[in-house]
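For reference, the structure discussed in these notes is given below.
Bear in mind the structure is a predicted one, so any value in this text is a computation, not a measurement. For the single chain, residues carry numbers from 1 onward in sequence order.
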Amino acid sequence: MFVDPPKQEKLVEILQWVLMPNHYHLLLVEKTEGGITEFMKRLGNSFTKYINIKYKRSGYLFQNKAQILLLENDAHFLYIPYYIDLNPLDLKFINWKKDGLLDCDSAVHFLEEYRWSSRFDYVRCREYRDVINRELFYEIFDLTEEDYNKEMKDIIVNPIQKMESDFLYY
């Protein structure tokens with residue numbers, strides 16, 4: 001018999017996430033004061049406990065504390081969703097930021113198929129619809145899904161120029 005857990009006040013809204021082999025990124029909106037700090041503490045503790053039980057080990061998993069960055073600069077705030085979604089490109093296209101990509105379609109396809117990202121959910125399966133808040137994401141960034149996808153492709157085609165002109169030097 002399955003029993004529903006008690007309802008708790010949400011600490012954060014998750015707008016985006018990506019898991020990489022050696023790190024992860026989360027784009028969170030705080031719902032309660034101190035919510036991000038508490039959420040990150042619970043996430044780290046839960047993951048550590050899971051791994052320690054699964055692999056019959058004990059102790060810390062991570063070398064350093066999580067870095068929580070408050071985005072106060074408008075340009076950085078506007079760029080962060082692209083940074084998170086484009087992060088997996090570094091796995092397959094090592095120098096893409098510096099050299100650009102000749103095959104934009106291959107890069108877009110790779111991102112859309114990369115299973116360990118909210119991008120996969122935004123584009124493909126909607127498996128994590130209870131985890132991520134798509135509506136709030138598009139509302140906060142004042143975008144449509146089509147505008148966001150077009151901007152991502154523009155960054156992939158000409159990363160340095162787009163990053164410098166549109167995002168980093170507002």
Between atom [atom1] of [X] and atom [atom2] of [Y], what is the distance when rounded to the nearest 0.5 Å?
X	Y	atom1	atom2	value
N87	Y82	CG	OH	16.0 Å
L78	I140	CG	CD1	11.5 Å
I53	S58	CD1	OG	11.5 Å
F110	K92	CZ	NZ	6.5 Å
N133	E139	CG	CD	8.5 Å

Problem set entry | side chain to side chain contact (heavy atoms under 4.5 Å, CB included) between L27 and I80, intermediate numbers included | CA-CA 8 Å; L27 180 57; I80 200 69; 3.9 Å; yes
Could you pull out the closest heavy-atom pair between [X] and [Y], with the gap in Å?
X	Y	value
R119	N149	NH2-OD1, 2.6 Å
G59	N52	O-ND2, 3.0 Å
Y114	L19	OH-O, 2.5 Å
I156	C104	CG2-SG, 4.0 Å
L15	S118	O-OG, 4.4 Å
F120	E112	CD1-O, 3.2 Å

I want to check something: taking the side chain as every heavy atom from C-beta on, are [X] and [Y] in contact at a cut-off of under 4.5 Å?
X	Y	value
L111	P88	yes
I132	E13	no
M40	L26	yes

For this session: Show your working on side chain to side chain contact (heavy atoms under 4.5 Å, CB included) between M152 and V108 and close with a plain yes or no.
Result: CA-CA 9 Å; M152 277 199 39; V108 169; over 6 Å; no
Problem set entry | Donor-acceptor pair, side chain of E30 and main chain of I36, under 3.5 angstrom | yes
Exercise. Thinking salt bridges, do D121 and R134 make one under a 4.0 Å N-O criterion?
Worked result: no
For this session: Only counting residues at least two apart or in another chain, list the ones meeting salt bridge (Lys or Arg N to Asp or Glu O under 4.0 Å) with D147.
Result: none
Exercise. What pairs with K41 under salt bridge (Lys or Arg N to Asp or Glu O under 4.0 Å), at least two apart in sequence or on another chain?
Worked result: E38
For this session: Determine which pairs satisfy ring pair (Phe, Tyr, Trp, His ring centres under 6.0 Å) with at least one residue from residues 19-48, sequence neighbours left out, and list them in order.
Result: H23-H25, H25-Y83
For this session: Using ring-ring contact (aromatic ring centres under 6.0 Å, His included) as the criterion, list what pairs up with F141, not counting sequence neighbours.
Result: F77, F137
Is there a path of hydrophobic side-chain contacts, each under 4.5 Å between heavy atoms, that joins [X] and [Y]?
X	Y	answer
V157	F93	no
I51	Y60	no
L89	I94	no

Exercise. Which pairs count as salt bridge (Lys or Arg N to Asp or Glu O under 4.0 Å) when at least one residue sits in residues 46-64, sequence neighbours excluded?
Worked result: none
Problem set entry | Whether over 12 other heavy atoms sit under 6.0 Å from D142 CG | no
For this session: Start with the C-alpha gap between D90 and W96, add the side-chain angles, then the distance that decides, and say whether side chain to side chain contact (heavy atoms under 4.5 Å, CB included) holds.
Result: CA-CA 7 Å; D90 295 342; W96 77 273; 2.8 Å; yes
For this session: Would you please name every residue forming a side chain to side chain contact (heavy atoms under 4.5 Å, CB included) with T37, sequence neighbours left out?
Result: I68
For this session: Begin with the C-alpha distance, continue with both residues' side-chain angles, and end with the deciding distance and a verdict on side chain to side chain contact (heavy atoms under 4.5 Å, CB included) for K31 and L11.
Result: CA-CA 5 Å; K31 297 284 287 179; L11 298 172; 5.9 Å; no
For this session: Measure up the Y122 and Y138 rings against each other and bin them: parallel (under 30°), tilted (30 to 60°), perpendicular (over 60°).
Result: perpendicular
